[in-house]
Novice: 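Encoded as structure tokens, here's the structure I'll be asking about.
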2 protein chains.
Amino acid sequence: MLISAECFRFDIFVERSIINVKKSIFEYIRSMLSKKTKYGIKALAFIAKKADKKPVQTSEISKSENISQKFLESILLELRKSGFLGSKKGKGGGYYLIKEPKDIQMTAVIRVLEGPIAMVPCVSLNYYEKCDDCPSEETCSVHSLMIQVRDSTLKVLGDNTLADISARK
Amino acid sequence: MLISAECFRFDIFVERSIINVKKSIFEYIRSMLSKKTKYGIKALAFIAKKADKKPVQTSEISKSENISQKFLESILLELRKSGFLGSKKGKGGGYYLIKEPKDIQMTAVIRVLEGPIAMVPCVSLNYYEKCDDCPSEETCSVHSLMIQVRDSTLKVLGDNTLADISARK
DNA sequence: TATTAACCTATAGAATTAGTAGGTTATAGA
DNA sequence: TCTATAACCTACTAATTCTATAGGTTAATA
């Protein structure tokens, strides 16, 4: 029992050491979630937070959330075309939510901005694509693992709505 | 009740339509999991499947799993340097597992090959990095959502060992 | 001594990301 | 009707990452 605990602690030590070596070699840590999606979610939450239904300008969100305005413009435009936002041009214009925050699941937002939620296309529900290297999905060791990851992620992102994430102060 | 169900169905319809438009514009679906990691897991599972502890050659795995041999070489080398595999040069040489498959968690493998398991560095346990745009993590709407995703993914990948994924036929 | 298979270094095409630049169009208010 | 505003649109680009390929060297076995 003691030996096993020691071994475990050693494993953790080794793993952290390896990771620290990697950290120093590569300066920037890769992110799975693109900035586009991250900014998109933040912008939606910003709009949802406003109690009144008046349109919110890109410039306001851009300043408040530290997002490049031009980049944000393209993201909000995409969210409008996807049916999440409505827009109004000219003075006093901006973007506003079309649906209630509680009716906007994070799965829907991420699927539109980021693409598939699954880590590999061969387990994606909405973006399915066969692996060109795999002879069969049944014998693939990665396949069933990734199905489990997909389902647990889907659960979290499906349970969380825009109302949930914008409510947190 | 009926109306609500109709609305739901309509939402699904709209979301799928949007996704299908995206599909036709972008030919290739982005994968979160790199081929490197995917190949690495497959190779480890291949080695684990062999009952005997004799070294397995890169060429054998490469042919059996449809992986470019040179690419696979670099991956196995990395797995050796990370302490997952041992190696033997010359005829009859190859790679072999150092630890028991049941003692190799998928979290460890993925952290070494892919990097952080978290979708954003600001919620990563082993590769933490502050967001340069966020004023505070407490007020960030993305932060707590990504913590939930991270924890559920970590649970799945921690529960699965190499023994589990190589056992599946 | 020849063969084998791991090990090492460098390079490179393709794709993606995260923007920037420079406009046009539609609306509200004066 | 004019002017300011803010959404909308098109094109481009620098940087990075991914997925390899090429061409070797070193060490072990028969």
Side-chain angles (χ1 to χ4, degrees), chain A residues 22 25-40 42-43 47 54-63 65-82 85-96 113-116 119-121 131-133, chain B residues 22 25-40 42-43 47 54-63 65-82 84-96 113-116 119-120 131-133:
Chain A
K22 274 193 93 162
I25 295 166
F26 304 104
E27 195 154 343
Y28 296 105
I29 299 301
R30 174 190 60 85
S31 182
M32 296 271 214
L33 199 78
S34 66
K35 296 214 166 179
K36 184 176 131 187
T37 305
K38 186 178 150 192
Y39 293 163
K42 281 187 165 197
I47 298 171
K54 273 193 286 181
V56 185
Q57 287 91 328
T58 310
S59 60
E60 188 187 344
I61 306 171
S62 151
K63 274 173 209 154
E65 301 289 328
N66 284 309
I67 305 169
S68 144
Q69 185 171 338
K70 280 284 186 181
F71 191 26
L72 184 61
E73 271 182 19
S74 68
I75 297 166
L76 293 179
L77 201 56
E78 198 172 335
L79 286 170
R80 197 217 61 192
K81 287 178 181 173
S82 312
L85 295 173
S87 68
K88 213 178 138 193
K89 284 186 176 181
K91 195 166 187 175
Y95 291 98
Y96 52 90
L113 292 176
E114 190 80 11
M119 293 187 86
V120 277
C131 297
D132 43 0
D133 54 299
Chain B
K22 274 193 94 164
I25 295 167
F26 305 104
E27 196 154 343
Y28 297 104
I29 298 302
R30 174 191 60 85
S31 182
M32 296 270 215
L33 198 78
S34 67
K35 295 214 165 180
K36 185 176 131 189
T37 305
K38 186 178 151 192
Y39 293 163
K42 281 186 165 198
I47 298 170
K54 275 194 287 183
V56 184
Q57 286 91 331
T58 309
S59 60
E60 189 188 343
I61 306 171
S62 149
K63 275 173 210 154
E65 301 289 328
N66 284 310
I67 305 169
S68 145
Q69 185 170 338
K70 280 286 187 182
F71 192 27
L72 183 61
E73 271 182 17
S74 69
I75 297 166
L76 293 180
L77 200 58
E78 197 173 336
L79 286 170
R80 197 218 62 192
K81 287 179 180 169
S82 312
F84 291 101
L85 295 173
S87 68
K88 213 178 138 193
K89 284 185 176 181
K91 197 168 187 176
Y95 290 98
Y96 52 90
L113 292 176
E114 190 80 12
M119 293 188 84
V120 279
C131 296
D132 44 359
D133 55 298

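Just so you know, these numbers come straight off a predicted model, no measurement behind them. Each chain gets a letter, A, B and so on, in the order the sequences are listed, and its residues count up from 1.
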Novice: Using the side-chain contact (heavy atoms from CB on, under 4.5 Å) criterion, which residues pair with B:K63? Sequence neighbours excluded.
Specialist: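 side-chain contact (heavy atoms from CB on, under 4.5 Å) list for B:K63, sorted by chain: empty.
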
Novice: Check whether any side-chain N or O of B:Y39 sits under 4.0 Å from OP1 or OP2 of D:dT19, and answer yes or no.
Specialist: no

Novice: Looking only at side-chain N and O atoms, does A:S34 come under 4.0 Å of OP1 or OP2 in C:dT17?
Specialist: no

Novice: Rounded to whole angstroms, how far apart are CG on B:L33 and P on D:dC18?
Specialist: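 Spelled out: CG on B:L33 to P on D:dC18 is 11 Å.
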
Novice: How far does CD1 of B:I75 sit from OG of B:S62, to the nearest 0.5 angstrom?
Specialist: 10.5 Å

Novice: What is the distance from NZ of B:K35 to C1' of C:dA15, rounded to the nearest Å?
Specialist: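 The distance from NZ of B:K35 to C1' of C:dA15 comes to 13 Å, rounded to the nearest Å.
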
Novice: Rounded off to whole Å, could you give me the CG-to-P distance for the B:L113 and D:dT17 pair?
Specialist: 17 Å

Novice: Describe the nucleic acid contact of A:S74 in one word from base, sugar-phosphate, nothing, applying a heavy-atom distance below 4.0 Å.
Specialist: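 Nothing, no heavy atom under 4.0 Å.
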
Novice: Quick one: which protein N/O atoms are closer than 3.5 Å to N/O atoms of nucleotides 7-9 of chain C? Pair and distance per line, please.
Specialist:
| unit_1 | atom_1 | unit_2 | atom_2 | d |
| --- | --- | --- | --- | --- |
| C:dC7 | OP1 | B:R80 | NH1 | 2.6 |
| C:dC7 | OP1 | B:S87 | OG | 2.5 |
| C:dC7 | OP2 | B:Y95 | OH | 2.3 |
| C:dC7 | N4 | B:E73 | OE1 | 3.0 |
| C:dC8 | OP2 | B:K81 | NZ | 3.3 |

Novice: Under the side-chain contact (heavy atoms from CB on, under 4.5 Å) rule, collect the residues that match up with A:K91, sequence neighbours excluded.
Specialist: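 Checked A:K91 against side-chain contact (heavy atoms from CB on, under 4.5 Å); zero matches.
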
Novice: Go ahead and write out DNA chain C as dot-bracket, 5' to 3': ( ) for pairs within the strand, [ ] for ones crossing earlier pairs, | when the partner sits on another strand, dots for unpaired; Watson-Crick or G-U wobble, both distances under 3.5 Å.
Specialist: ||||||||||||||||||||||||||||||

Novice: For A:Y96 and C:dT27, what is the distance between atoms OH and C1' respectively, to the nearest whole Å?
Specialist: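 So the two atoms are 13 Å apart, to the nearest Å.
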
Novice: Side chain to side chain contact (heavy atoms under 4.5 Å, CB included), that's the test. Do B:L77 and B:Y95 meet it? Break it down for me.
Specialist: CA-CA 9 Å; B:L77 200 58; B:Y95 290 98; 3.8 Å; yes

Novice: Taking only residues two or more places apart in sequence or in another chain, which ones pass side-chain contact (heavy atoms from CB on, under 4.5 Å) with A:E65?
Specialist: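 Testing A:E65 for side-chain contact (heavy atoms from CB on, under 4.5 Å), a comparison that skips the adjacent residues, returns A:K42, A:F46, A:I61, A:I67.
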
Novice: Sequence neighbours excluded, which residues qualify as side-chain contact (heavy atoms from CB on, under 4.5 Å) partners of A:S31?
Specialist: A:L33, B:V120, B:P121

Novice: Atom CD of A:E114 to atom P of C:dA18: distance rounded to whole Å?
Specialist: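 To the nearest whole Å, that distance equals 8 Å.
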
Novice: Within the structure provided, determine whether B:L113 and B:L79 are in side-chain contact (heavy-atom separation under 4.5 Å).
Specialist: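 Yes. Closest side-chain heavy atoms under 4.5 Å.
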
Novice: Over all strands shown, is B:S59 touching base, sugar-phosphate only, or nothing at heavy-atom distances under 4.0 angstrom?
Specialist: nothing

Novice: Kindly write out the residues that satisfy ring pair (Phe, Tyr, Trp, His ring centres under 6.0 Å) with A:Y39, not counting sequence neighbours, or none if the list is empty.
Specialist: A:F71

Novice: Please tell me which of the listed nucleotides, C:dA6, D:dA7, C:dG19, lies nearest to the side chain of A:Q57?
Specialist: D:dA7

Novice: Look at the side-chain N and O atoms of A:T58 and state whether any lies under 4.0 Å from the OP1 or OP2 oxygen of D:dA7.
Specialist: yes

Novice: How close or far is atom P of D:dA7 from atom CD1 of A:I75, stated in whole angstroms?
Specialist: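 About 14 Å, once rounded to whole Å.
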
Novice: In whole Å, what is the span from the CG atom of A:L79 to the C1' atom of D:dA7?
Specialist: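 Result: 14 Å.
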
Novice: Taking the side chain of A:S68 as its heavy atoms from C-beta onward, which of D:dA7, D:dA20, C:dG19 lies nearest to it?
Specialist: C:dG19

Novice: Holding to side-chain hydrogen bond (donor to acceptor under 3.5 Å, both in side chains), I want the full list of residues that pass it with B:S34, two or more places apart in sequence or in another chain.
Specialist: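 Result, side-chain hydrogen bond (donor to acceptor under 3.5 Å, both in side chains) vs B:S34: B:T37, B:E114.
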
Novice: Could you check how far CD1 of A:I67 sits from P of C:dA18, rounded to whole Å?
Specialist: 12 Å

Novice: Residues two or more places apart in sequence or in another chain: which of them pass side-chain hydrogen bond (donor to acceptor under 3.5 Å, both in side chains) with B:S87?
Specialist: none

